[in-house]
Amino acid sequence: MLSLNQQAALRNIRHLCPSLTGQNAFNDTDRDLMALPVHHGGLGIGNPTRQTTTQYNASRKVTAPLVDLIHQQSHTYLIEVKAEQIRAKNNARTLRRHHELQIATELADKLPRGLQRVMTASKEKGASTWLSTLPITEHGFALHKGAFWDALCLWNGWPPSHLPSHCVCGKQFAVEHVLSCSRGGFPSIRHNEIRDITADL
Amino acid sequence: MFMPALLLQKPHHRSKAKEHAKHLNRRLQLWNEGDLESLVEESNTIQRQFAQNHNSSNRSAQQTARIFAKLMMEGKVRAAVRLIAEDNGGGPLPLDSLVESDGSTATPETVREVLLKKHPTKQQPALSSIITPDTPSIEPHSILFDRINGQLIRNTALRMDGAAGPSGLDAAAWKRFCTSFKTASADLCDSLASTAKRICSCYVDPKGMRAFVACHLIALDKCPGVRPVGTGETVRRIIVKAIATAISDDIQAAAGPLQMCAGHLTGCEAAVHAMRQVFKSSEGGSYHACRCCH
């Protein structure tokens with residue numbers, strides 16, 4: 001039986017996820033995928049009900065040397081105490097990363113083939129930087145709501161909303177076809193953007 | 001100290017760079033002629049044009065969302081979060097506005113009167129706080145501050161955040177000064193590093209440091225009540241932070257493990273865990289909690 005706080009947290013996150021992604025249907029696997037860090041294909045929106053115990057134990061271990069000094073009311077702070085804390089922090093970070101990798105691997109087995117490819121692609125160096133960078137307009141890092149939703153759909157293999165039924169070439173409108181259709185225009189747009197960026201340099 | 005505030009004000013919120021250059025040239029001419037009265041009058045006129053009501057309680061949810069998005073798009077994450085934090089309280093209070101009495105007086109008081117009341121009265125210094133000629137002292141060797149260089153100043157300026165002091169230059173302005181002007185920025189960072197090393201290693205006449213340690217007193221609305229907040233110069237905060245980075249281990253060793261404000265790793269977290277264990281233990285009761293929670 002979940003406590004009132006846990007129920008409230010789950011409710012808020014269940015409202016947050018659809019408005020953040022533009023997707024109305026969210027199952028537990030999608031939620032678990034969102035909780036993964038960006039370099040594992042997630043969005044980094046952790047699930048507090050699952051992380052609190054691990055984080056509390058890690059906090060106890062990292063602060064243990066300093067807590068002992070407070071209990072003793074000692075006035076001497078040796079540099080070895082800080083070194084011990086840094087070691088404990090590194091151990092906690094290693095354990096957390098190992099745990100995340102384990103969850104990502106278990107989750108990948110449950111996902112359809114397309115999403116497994118997405119998760120593999122997101123682990124490439126720099127592939128998920130667009131999600132963790134500050135959205136600063138001055139440097140061109142800002143995406144408006146529609147662009148962010150579309151980017152998330154492409155990232156997770158969801159169908160974007162408000163798509164036409166057919167491409168201009170007559171074939172069924174699908175993301176994979178449209179990105180490579182020579183009559184549709186997207187290859188030209190990509191080529192022109194690269195040309196313009198190179199010219200600006 | 002007032003030169004940036006008088007010369008760099010935008011004439012209106014939609015003005016363009018060409019107008020800024022034209023007004024700056026005119027204002028520099030007035031400054032060189034010594035006509036400060038005209039500059040102050042111009043500055044006051046511009047200030048009066050600002051909208052009087054910036055009170056956050058009158059802002060709609062849509063306006064708040066728009067301002068939040070604008071601050072995030074400029075990279076000002078902390079200001080954006082502060083905007084939507086519910087325990088923000090009110091904004092700054094003008095000195096002549098009236099506030100509710102705290103019960104000690106029958107009539108409402110002005111903010112100026114409340115601030116004067118909060119200022120402590122003059123007292124004789126305690127003998128223990130005065131350094132006499134025969135007090136043993138250990139002078140740190142100047143080599144300790146040798147690692148304060150232009151690169152450290154630049155990195156520290158990039159991590160700074162916060163409002164402007166009396167000069168009107170906030171953290172964003174100093175970030176630009178220290179990074180955006182090629183060799184001039186590098187020279188500025190090196191000069192600040194030399195200043196930091198000089199302050200740490202030799203005597204500097206306090207009269208020469210007045211502008212450096214100048215502070216801007218602001219009255220914030222505690223809803224109800226008045227909270228006095230002092231904002232020092234950003235350049236002072238940059239130099240002090242750089243010095244603290246260079247000798248952080250020594251500061252923490254000198255402060256000891258009970259003074260968490262010295263920057264100990266996970267200091268406040270450790271204090272919370274320690275108190276929690278004490279309250280849970282069978283001994284419980286009184287503890288020197290105040291000594292470790294400064």
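Remember, it's a predicted structure, so these values are computed and weren't measured experimentally. Here is the naming used below: chain letters follow the sequence lines, and residue numbers restart at 1 for every chain.
Nearest heavy atom pair, residue B:Leu258 against residue A:Ser74, reads CG-O, 3.5 Å.
If you measure heavy-atom distances from B:Val77 to chain A, the contacts under 4.5 Å come from the side chain alone. Within the 4.5 angstrom heavy-atom criterion, only side-chain atoms of A:Ile79, from C-beta onward, approach chain B. Contact of A:Thr76 with chain B is made through the backbone alone, with heavy-atom distances under 4.5 Å.
Side-chain contact check for A:His71 versus B:Val278: some heavy-atom pair is nearer than 4.5 Å.
No more than 12 heavy atoms of other residues, nucleotides or ligands lie within 6.0 Å of CZ in B:Arg176, so this atom counts as exposed by the packing criterion. Applying the 6.0 Å contact sphere to CZ of A:Phe186 captures no more than 12 heavy atoms from other residues, nucleotides or ligands. The environment of NE2 in B:His141 is sparse: at most 12 heavy-atom neighbours from other residues, nucleotides or ligands sit within 6.0 Å. Atom CZ of B:Arg14 has 12 or fewer heavy atoms from other residues, nucleotides or ligands within 6.0 Å. Atom NE2 of A:His166 sits in a crowded spot, with more than 12 heavy atoms from other residues, nucleotides or ligands closer than 6.0 Å. Residue B:His20 places its NE2 atom among more than 12 non-hydrogen atoms of other residues, nucleotides or ligands, all under 6.0 Å distant. Heavy-atom contacts from other residues, nucleotides or ligands closer than 6.0 Å to NZ of A:Lys145 number 12 or fewer. Crowding of B:Leu127 atom CG: a count of heavy atoms from other residues, nucleotides or ligands under 6.0 Å not exceeding 12.
In terms of heavy-atom pairs under 4.5 Å with chain B, the best-connected choice from A:Leu78, A:Leu134, A:Leu66, A:Val62 is A:Leu66.
Note: A:Lys61 NZ to B:Thr266 OG1 = 14.5 Å, rounded to the nearest 0.5 Å. Rounded to the nearest 0.5 Å, atoms OG1 (A:Thr137) and NZ (B:Lys70) are 10.0 Å apart. To the nearest 0.5 angstrom, B:Met275 atom CE is 6.5 Å from A:Ile70 atom CD1.
Judged by distance alone, the side chains of B:Glu269 and A:Ser59 do bring a donor and an acceptor atom under 3.5 Å apart.
Near-neighbour residues of residues 83-94 of chain A relative to chain B, defined by a heavy atom under 4.5 Å from a heavy atom of that chain, comprise A:Gln85, A:Ile86, A:Lys89. Contacts of residues 244-255 of chain B with chain A at a heavy-atom distance below 4.5 Å involve B:Asp249, B:Gln252, B:Ala253, listed in sequence order.
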Chi angles and distances behind the side chain to side chain contact (heavy atoms under 4.5 Å, CB included) call for B:Gln277, A:Val67: CA-CA 9 Å; B:Gln277 285 174 19; A:Val67 167; 3.7 Å; yes
